[in-house]
Amino acid sequence: MVLIKLNPTVDATDAVASSKHSAVLHRHLDTTFFNMTRSEGNFLILENDRKIFDASGGAAVGCLGWGNQRVAQAVTNQVLAAPYCATIFYTTRVQEELCRDLVQSTNGAMARAYIVNSGSEAMEAAVKLARQYFLEIDQPQRTRFISRKQSYHGITLGALSVGGHEVRRAKFEPLLIKNVSRVSPCNAFRGKAPGESDEEYAERLAKELDEEFQRVGPENVCAFVAEPIVGAALGCVPAVKGYFQAVRDVCDKYGALLILDEVMCGMGRSGTLHAWEQEGIVPDIQTIGKALGGGYQPVAGLLAGHRVVNALEKGSSVFVHGHTYQGHPAACAAALEVQRIVREENLLSNVRAMGDLLSSRLREILASHPNVGDIRGRGLFWGIEFVADKENMAPFPSEDHVCMEICQLGLTDKYGINVYPGGGSVDGITGDHIIISPAFNISREDVEWIAATVGRLVSDYFAAKAGTQ
């Protein structure tokens, strides 16, 4: 959650001085931050050696836990061998191997990969590549994008423009590109009509998308942009069965591209390496990040399908885009080693098994709680949405900061757990949820502890909240 004033209670032995006395331009300038000195396995360790269990992997980043020696050694070896590569002239073996590995992981569905340093950079590249594709095939009038309300695709201006996160957009609206329109998200909890089947709901949303194509002129649309499982903006909301096949059909009907943002939900987080594998479709462009490198280096990327790459190869053969640190050798080394470990240790199987256990335990403990509206997700990517009134599923006022307060309470000694906050899940402003997204190699015992601790945390928070009203 962003743009709110925080006042957490932090023990002085846990923290550095208030950010008012720091030289860092922190996210919040009037907040005291915990001073994390190291991390081991699933634990974040503070300056006084107090441990916090990282049940969210940061922002769904950590997939192997922390302190993995194989990854650390791979990065060290690469830094000693060739720490930087000016990609205007050179490539590196590690970049070539990583991109080949990523392309092969799609079973031939995608053609090439492009490595950057963050999910926002990946989405900027995706938007520009989609635009350039239509220039290459002589359709220069295509300049528009369609995305979804309550979506988040990155914080840089282009990525923020295609997203629908109202709070993050608000201060920068005058700077954002205006050729983006938005349709309803696929959120069964909030969007399905009473008595409506999943099939009918998917058909209704596809019809809305088709009508939006027609409204803006189908010949003007570059792409439709969506997350297969909506992360930060909605809290781990998967689409209903048939939805993505329906939107794929609409895009194909009008010759537009389908861009899937898998920065948060992809690279194994949802139980398959690519979330789209569970939808029976293939995107034209896909963004990846977070679990790609597991937090060991800043790394993200883009995968481009054959349709897009063939047009570029037959046309100008130049992607008019670039970064100083694209394809960074150390970042590529981290990502390559992380992906090798995921594959060699069969961690996707564990993601599915532990994800099933986590979801069942969370539902057993919290489904009947009067302030829990919905528990949803896939793999090891689960969200809990909170409500003020379970009868009508009304949200709490945004100024209550429910999700952030729950997360702050979780960091205290009594709970010692890190979960990830999110807001705006109802209308872009109101609506609170937390995300639970632990490491792929988590144990059954760890899952049981997470579920029990989150259950205790949520129950205690709302009991205290009720007592103060």
Side-chain angles (χ1 to χ4, degrees), residues 1-2 54-63 148-152 164-165 167 185-192 226-240 243 261-266 268-271 275 278 290-291 351-352 354-369 371-388 390 393 395-396 398 401-407 410 417-428 430-439 442 447 450-451 453-455 457-458 461-462:
M1 200 157 184
V2 295
D54 190 1
S56 67
V61 173
C63 59
R148 302 190 295 186
K149 301 168 186 174
Q150 292 120 275
S151 61
Y152 180 62
H165 197 292
V167 175
C186 186
N187 181 355
F189 173 60
R190 292 286 178 185
K192 274 179 69 175
E227 291 177 273
I229 304 171
V230 183
L234 287 182
C236 307
V237 173
V240 299
Y243 169 79
D261 177 353
E262 295 204 5
V263 169
M264 200 170 198
C265 67
R269 175 61 63 190
S270 66
Q278 300 176 53
K290 299 192 187 292
V351 170
R352 293 188 290 271
M354 293 302 100
D356 288 345
L357 177 62
L358 179 61
S359 65
S360 65
R361 290 293 187 268
L362 289 174
R363 286 174 170 140
E364 287 171 10
I365 296 168
L366 286 172
S368 61
H369 191 282
N371 296 113
V372 172
D374 193 32
I375 301 171
R376 66 290 185 109
R378 284 182 190 164
L380 283 173
F381 194 44
W382 287 87
I384 304 172
E385 184 171 339
F386 304 109
V387 294
K390 197 153 186 170
M393 298 302 178
F396 288 94
S398 58
H401 306 315
V402 167
C403 62
M404 186 61 78
E405 289 185 355
I406 289 174
C407 292
I417 191 169
N418 190 93
V419 292
Y420 193 76
S425 45
V426 175
D427 56 10
T430 61
D432 293 273
H433 59 263
I434 59 171
I435 291 175
I436 302 163
S437 48
I442 200 163
V447 170
I450 290 171
T453 303
V454 169
L457 170 64
V458 170
Y461 171 79
F462 284 110

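One-based numbering along the sequence shown.
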How many angstroms lie between atom [atom1] of [X] and atom [atom2] of [Y], to the nearest 0.5 angstrom?
{"X": "Ser437", "Y": "Leu380", "atom1": "OG", "atom2": "CG", "value": "8.5 Å"}
{"X": "Met393", "Y": "Phe189", "atom1": "CE", "atom2": "CZ", "value": "4.5 Å"}
{"X": "Ile450", "Y": "Ile442", "atom1": "CD1", "atom2": "CD1", "value": "3.5 Å"}
{"X": "Cys186", "Y": "Glu227", "atom1": "SG", "atom2": "CD", "value": "13.0 Å"}
{"X": "Arg269", "Y": "Lys290", "atom1": "CZ", "atom2": "NZ", "value": "10.0 Å"}

field: Heavy-atom side-chain proximity of Leu234 to Pro185 below 4.5 angstrom
entry: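 Heavy-atom side-chain distance check passes, below 4.5 Å.
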Partners of [X] by side chain to side chain contact (heavy atoms under 4.5 Å, CB included), sequence neighbours excluded?
{"X": "Asp356", "result": "none"}
{"X": "Ile375", "result": "Leu362, Arg363, Leu366, Val372, Trp382, Ile384"}
{"X": "Cys236", "result": "Phe381, Ile435"}
{"X": "Ala275", "result": "Pro228, Glu262, Cys265, Ser270"}

SB check Arg376 Glu385 (cutoff 4.0 Å):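 Glu385 and Arg376: salt-bridged.
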Do any N or O atoms from the side chain of [X] and from the backbone of [Y] form a donor-acceptor pair under 3.5 angstrom?
{"X": "Gln150", "Y": "Gly164", "value": "no"}
{"X": "Arg190", "Y": "Ser425", "value": "no"}
{"X": "Asn418", "Y": "Asp54", "value": "no"}
{"X": "His433", "Y": "Gly424", "value": "no"}

Steps toward side-chain contact (heavy atoms from CB on, under 4.5 Å) verdict (Asn187, Val230): CA-CA 9 Å; Asn187 181 355; Val230 183; over 6 Å; no
To check you understand the geometry: which heavy-atom pair defines the closest contact between [X] and [Y], and what is its length?
{"X": "Ile434", "Y": "Cys407", "value": "CG2-SG, 3.8 Å"}
{"X": "Thr430", "Y": "Pro395", "value": "OG1-CG, 3.7 Å"}
{"X": "Gly423", "Y": "His165", "value": "O-NE2, 4.0 Å"}
{"X": "Ile365", "Y": "Ala451", "value": "CD1-O, 3.6 Å"}
{"X": "Cys63", "Y": "Ala291", "value": "SG-O, 3.5 Å"}
{"X": "Gly428", "Y": "Val167", "value": "O-CG2, 3.7 Å"}

Sequence-distant partners of Lys149, side-chain hydrogen bond (donor to acceptor under 3.5 Å, both in side chains), two or more places apart: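 For Lys149, no residue satisfies side-chain hydrogen bond (donor to acceptor under 3.5 Å, both in side chains) once neighbours in sequence are set aside.
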query: For Phe462, what residues pass the ring-ring contact (aromatic ring centres under 6.0 Å, His included) criterion, not counting sequence neighbours?
result: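 So Phe462 forms a ring-ring contact (aromatic ring centres under 6.0 Å, His included) with His369, Phe386, Phe396.
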